[in-house]
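A note on names: the letters A, B, ... follow the listed sequences, proteins ahead of strands, and every chain is numbered from 1. Fair warning: this is a prediction, and the values are worked out from it, not measured in the lab.
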2 protein chains.
Amino acid sequence: MLSIGTLAKRTGAKVQTIRYYEQIGLMPEPGRTEGGQRRYGNAGLDRLAFIRHSRELGFSLEAIRELLDLSDSPERSCAQIDAVAQRQLQEVEARITRLKALRIELQRMLSECSADRVADCRILEVLRDHEECLSNHDGTGI
Amino acid sequence: MLSIGTLAKRTGAKVQTIRYYEQIGLMPEPGRTEGGQRRYGNAGLDRLAFIRHSRELGFSLEAIRELLDLSDSPERSCAQIDAVAQRQLQEVEARITRLKALRIELQRMLSECSADRVADCRILEVLRDHEECLSNHDGTGI
DNA sequence: CTGATTGCTACAGCCATTGTAGATTTCGTC
DNA sequence: GACGAAATCTACAATGGCTGTAGCAATCAG
Ligand SMILES: [Zn+2]
Ligand SMILES: [Zn+2]
Ligand SMILES: [Zn+2]
Ligand SMILES: [Zn+2]
């Protein structure tokens, strides 16, 4: 049986994070010692590792909850699981697109600035007026 | 003189957001009508437009505060302003790098899944075990 | 003047944690 | 068994950047 600190060390999560996951119902309530401290078995360790790894891959806690629920029905088709991953991929791609547009604007601002007086700083000019921009940054990509 | 609602419409910010910016000291306290409603001049409009555009380019409110402070000294060198933008560019680039790694893992998971039973779902396998991953997702890029 | 719209303050909620304070429990060592 | 250090407990507040709500008060068009 593992203490919450041991679980934290093994998974890279913080102790408070594990308690938070329990609070929101993502981790089940574990057994307790006589003194009231949490004790976990391998199931708890596996579940927490799954959660942490999914977080590292950018899944939201809600998506992870969905994945964990779905994985409780091993005989069903995994189409729904794939859909969750597909959604996540699309979100990642949208964010990449948006960030690339931002990168271009930032690079342009920096390259056009002659590093002179604040009064003539090209960066401030662009920030003051979106007309100076090439992209939209309206959330829909370029 | 502009009401807070007009300011919101002109800049695309929400009314509450403008009040929030005032609360954290990013927007100055404007004049008020006899009845206590906020009234803004062009300075307020310009400042809010600057803040919103900077937010659209991904700058944090702290970075924006810095930029606004720096822009109050028009005769100084703009090196510090450029440094803020440079920092922002580096952050954007780091995020792109990280997201690209995530995209690769997600694409791989999805392409390897044969869309069969949950029990055999490749996506769940990968999420359960980071050993199945090619990248680190440790925040330091690939 | 009246009614609709807008604005006001104060507070709570979102996500996903992290940090804190003060009390209690557990564990290793003697 | 006793002692002290380390870990854990609960409860609550804070982070960033807003957004939403409730219950009033002010403003504006007709
Ligand atoms: Zn400059
Ligand atoms: Zn722009
Ligand atoms: Zn699958
Ligand atoms: Zn991995």
Side-chain angles (χ1 to χ4, degrees), chain A residues 1-27 29-40 44 47-48 50-68 87-88 91-92 95 98 102 137 139, chain B residues 1-27 29-40 44 47-48 50-68 87-88 91-92 95 98 102 137 139:
Chain A
M1 284 306 208
L2 309 166
S3 72
I4 196 170
T6 311
L7 209 65
K9 261 172 219 152
R10 296 250 192 115
T11 58
K14 302 230 164 165
V15 168
Q16 296 106 306
T17 308
I18 302 172
R19 288 197 283 244
Y20 168 71
Y21 289 161
E22 180 183 328
Q23 194 190 314
I24 62 169
L26 203 55
M27 286 289 288
E29 291 186 24
R32 300 263 184 161
T33 63
E34 280 191 17
Q37 301 198 354
R38 292 166 178 82
R39 288 298 176 268
Y40 297 88
R47 193 174 174 99
L48 183 56
F50 182 95
I51 295 170
R52 292 311 299 173
H53 194 215
S54 303
R55 287 292 298 137
E56 281 169 354
L57 282 158
F59 289 89
S60 72
L61 293 184
E62 264 325 292
I64 295 168
R65 196 192 297 274
E66 214 177 328
L67 290 172
L68 285 166
R87 222 167 56 208
Q88 175 63 14
E91 254 177 56
V92 166
R95 266 190 278 168
R98 174 169 153 71
L102 296 192
H137 16 283
Chain B
M1 286 307 212
L2 309 166
S3 71
I4 196 169
T6 312
L7 208 65
K9 262 171 217 153
R10 295 249 193 115
T11 58
K14 302 230 164 163
V15 167
Q16 295 107 305
T17 308
I18 301 173
R19 288 197 283 244
Y20 169 71
Y21 289 162
E22 180 184 328
Q23 193 190 315
I24 62 170
L26 201 57
M27 286 290 286
E29 291 185 24
R32 300 263 184 162
T33 63
E34 279 191 18
Q37 301 197 353
R38 292 167 178 83
R39 287 297 122 98
Y40 296 88
R47 193 175 173 99
L48 183 56
F50 182 95
I51 294 170
R52 291 311 298 173
H53 194 215
S54 303
R55 286 293 297 139
E56 282 169 353
L57 283 159
F59 288 88
S60 71
L61 294 184
E62 263 326 291
I64 295 168
R65 196 191 296 275
E66 213 177 329
L67 291 172
L68 285 166
R87 222 167 54 207
Q88 174 63 15
E91 255 176 54
V92 166
R95 266 190 277 169
R98 174 170 154 70
L102 295 192
H137 16 283

Could you list the residues that satisfy salt bridge (charged side-chain N to carboxylate O under 4.0 Å, His left out) with B/E66, not counting sequence neighbours? B/R87

Which distance, rounded to the nearest 0.5 Å, do you find between the CG of A/L48 and the CD1 of A/I18? 5.0 Å

Say you draw a straight line from CG of B/L67 to CZ of B/F50; how long is it, rounded to the nearest 0.5 Å? 5.0 Å

Go nucleotide by nucleotide along DNA chain D from the 5' end; which of B/G36 and A/R39 gets its closest nucleotide reached first? A/R39

Answer yes or no: is there an ion pair linking B/E22 with B/R19, defined by an N-O contact shorter than 4.0 Å? no

Scan nucleotides 15-22 of chain C nucleotide by nucleotide, 5' to 3', and note B when protein non-hydrogen atoms come under 4.0 Å of the base, S if they reach only the sugar-phosphate, - if neither. -BBBBB--

Report yes if some heavy atom in the side chain of [X] is under 4.5 Å from a heavy atom in the side chain of [Y]; otherwise report no.
X	Y	value
A/L57	A/Q88	no
A/Y40	A/M27	yes
B/R65	B/I24	yes
B/T17	B/R52	yes
A/I51	A/T11	no

A/Q37 side chain vs A/S3 backbone, donor-acceptor pair below 3.5 Å: no

Report the end-to-end axis angle of the helix from C/dC1-D/dG30 to C/dC30-D/dG1; each axis comes from five terminal pairs, and the value is rounded to 10°. 10°

Of the non-hydrogen atoms in B/L102 and A/E56, which two are nearest, and what is the gap between them? CD2-O, 3.5 Å

Closest heavy-atom pair and its distance - A/Y20, A/L61: CE2-CD1, 3.8 Å

I need the CZ-C1' distance between B/R38 and C/dT6, as an integer number of Å. 13 Å

The first and last nucleotides of DNA chain D lying within contact of chain A, meaning any atom under 4.0 Å from one of its heavy atoms, run from D/dT8 to D/dT10

Contacts of type side-chain contact (heavy atoms from CB on, under 4.5 Å), residue B/R10, not counting sequence neighbours: B/L2, B/T6, B/L45

I need the residues from residues 2-11 of chain B with at least one non-hydrogen atom less than 4.0 Å from DNA chain C; give them sorted by number, or say none. B/S3, B/I4, B/G5

